[in-house]
Engineer: 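Quick one: the structure is below, questions incoming.
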Amino acid sequence: MSARTEGTVLVLNSGSSSIKFQLVHPETGESVAHGLVERIGEPEGRVVFHHTTGTEEHVGPIENHRAGLRIVLDWVEGLGRPLREAGIIAVGHRLVHGGEVFHEPTLVDDDVVRTVEELSVLAPLHNPANVIGMEVAREELPDIPHVGVFDTAFFHALPAEAATYAIDRDVARAHGIRRYGFHGTSHQYVSERAARFLGRELSELNQIVLHLGNGASASAIAGGRPVDTSMGLTPLEGLVMGTRCGDIDPGVLLHLNRSAGMDVDTIDGLLNRRSGLKGLSGVNDFRALLRLVAEGSEDAKLAYDVYVHRLRKYLGAYLVELGGVDVVVFTGGVGENNVDVRRDALAGLERLGIVVDDARNVAPERGERRISADTSQVEVLVIPTNEELAIARAAAALV
Ligand code: ADP
């Protein structure tokens with residue numbers, strides 16, 4: 001087993017009990033290896049490692065993030081030369097919340113780690129795990145520059161009227177309450193690819209990007225700059241997601257607390273992990289949802305309808321905010337693969353210049369593609385996202 005690792009970036013996405021990793025050539029986009037360490041700290045952990053010549057799996061307890069990363073690095077060494085000589089030029093860390101501090105890819109030092117840790121109040125589920133990932137990786141790979149790429153960075157430029165919640169401004173200021181937006185790396189990457197696909201300048205396009213995965217978010221982008229996005233202070237706002245409710249009347253929380261006696265942690269669990277598609281239908285995976293719909297489940301059908309309704313509501317809002325749109329882009333696991341959502345989200349919009357071509361929509365292609373009809377004034381595209389490549393490029397550009 002050998003692979004060309006010179007000039008690669010190791011991209012790490014550390015979750016509370018998992019590490020996603022990819023070794024990628026930033027220029028060509030070629031992925032040398034990628035995989036997942038999961039169930040860290042549980043009795044039975046698992047590492048899956050895909051590389052150019054096959055797939056390997058390791059099952060057994062993985063004590064902590066360090067042990068997980070060590071397994072990954074040993075494998076990377078197994079690809080060719082010892083790690084010191086393998087030619088990895090940077091480690092790119094996917095970091096969730098950069099607050100008002102981080103607006104662009106940032107070289108990681110002790111101060112940066114400390115600040116990301118302080119920002120955990122805004123992202124208690126994500127930032128602590130990101131911090132562990134950075135600490136462990138910096139200790140294991142001390143000679144290589146580490147770069148943090150923030151999910152919020154692209155949206156730091158949101159106009160004030162889109163970023164501001166209408167609450168007491170002193171309270172908002174004191175607690176950093178504003179709309180930050182997430183999935184920024186994906187929205188930026190996909191909007192740039194869309195312009196390239198069309199052979200047009202990014203600066204001359206109004207785009208609506210729909211990133212539909214387990215988490216889901218929409219953005220309105222004018223000439224490459226975000227003007228609005230559906231996620232807010234946290235990734236809970238906006239579209240209906242696998243397990244998250246998206247937009248909800250804040251009065252619901254007050255009612256659950258006062259009348260149902262639920263405390264903050266219970267409500268947190270309800271809205272983040274037991275809502276969305278899962279709350280409505282029992283399943284969070286979109287393929288499972290569609291199977292239930294096909295079997296005649298009314299709950300699943302309603303879940304699907306609520307999902308599509310919310311999506312259309314955002315499309316309508318962003319069409320007006322942008323004053324017309326040139327491109328609608330679908331991305332993420334659902335957006336890239338699901339024929340029904342793409343069709344239903346844009347059904348009946350001919351008067352707005354949006355016409356999906358049924359044959360193009362259902363064609364089994366997987367790459368970047370157009371699914372709008374030739375008569376459509378608005379281009380409707382499917383652009384697979386590649387956050388790892390975007391992070392690798394950002395890291396390489398910095399070092
Ligand atoms: P994440 O947000 O975790 O990165 P993904 O972008 O991978 O998630 O999206 C996961 C979602 O995509 C799941 O709901 C999954 O069911 C859905 N998905 C993946 N492939 C398909 C497919 N072929 N058809 C429909 N849905 C799909």
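One-based numbering, in listed order, for ligands and for the atoms of each. Along the sequence shown, residues are numbered consecutively beginning with 1.
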Engineer: Tell me the protein heavy atom at minimum distance from atom 21 (C) of ligand 1, and give that distance in Å.
Structural biologist: Asn337 CB, 3.5 Å
Engineer: Cation-pi check for Tyr314 against Arg310: NZ or CZ below 6.0 Å from the six-membered ring centre and within 45 degrees of the axis, yes or no?
Structural biologist: no
Engineer: Atom 16 (O) of ligand 1: which of Leu289, Asp285, Val334 has the nearest heavy atom?
Structural biologist: Asp285
Engineer: Quick check: does Leu212 get an N/O under 3.5 Å from an N/O on ligand 1?
Structural biologist: no
Engineer: Salt-bridge test for Arg291 and Asp285: reply yes if a basic N is under 4.0 Å from a carboxylate O, no otherwise.
Structural biologist: no
Engineer: So is Leu290 polar-close to ligand 1, meaning N/O to N/O under 3.5 Å?
Structural biologist: no
Engineer: Return the residue, atom name and 0.1 Å-rounded distance of the protein heavy atom closest to atom 6 (O) of ligand 1.
Structural biologist: Gly333 N, 2.8 Å
Engineer: Quick one: look up the protein heavy atom nearest atom 14 (O) of ligand 1 and list residue, atom name and how far away it is.
Structural biologist: Phe286 N, 3.0 Å
Engineer: Please work out which of His183, Arg287, Glu336, Lys20 has its closest non-hydrogen atom nearest to atom 25 (C) of ligand 1.
Structural biologist: Arg287
Engineer: For ligand 1, is there an N or O atom under 3.5 Å from any N or O atom of Asn214?
Structural biologist: yes
Engineer: Is a salt bridge present between Arg343 and Asp358, judged by a nitrogen-to-oxygen distance below 4.0 Å?
Structural biologist: no
Engineer: So if I count the atoms of ligand 1 from 1 in the order they appear, which ones are less than 4.0 Å from some heavy atom of Asn338?
Structural biologist: 25 (C)
Engineer: List ligand 1 atoms under 4.0 Å from Gly215, heavy atoms only on the residue side.
Structural biologist: 2 (O)
Engineer: Would you say the side chain of Arg370 lies within less than 4.5 Å of the side chain of Leu198, judging by non-hydrogen atoms?
Structural biologist: yes
Engineer: Under a 4.0 Å threshold between the charged nitrogen and the carboxylate oxygen, would Glu237 count as salt-bridged to Arg179?
Structural biologist: yes
Engineer: Tell me which donor-acceptor pairs under 3.5 Å the side chains of residues 33-41 have, and how far apart each pair is, sequence neighbours excluded?
Structural biologist:
residue: Glu38; atom: OE2; partner: Arg46; partner atom: NH1; Å: 2.4
residue: Arg39; atom: NE; partner: Glu44; partner atom: O; Å: 3.1

Engineer: If we count only N and O atoms by modelled type, under 3.5 Å, do the side chains of Arg94 and Asn130 hold a donor and an acceptor together?
Structural biologist: no
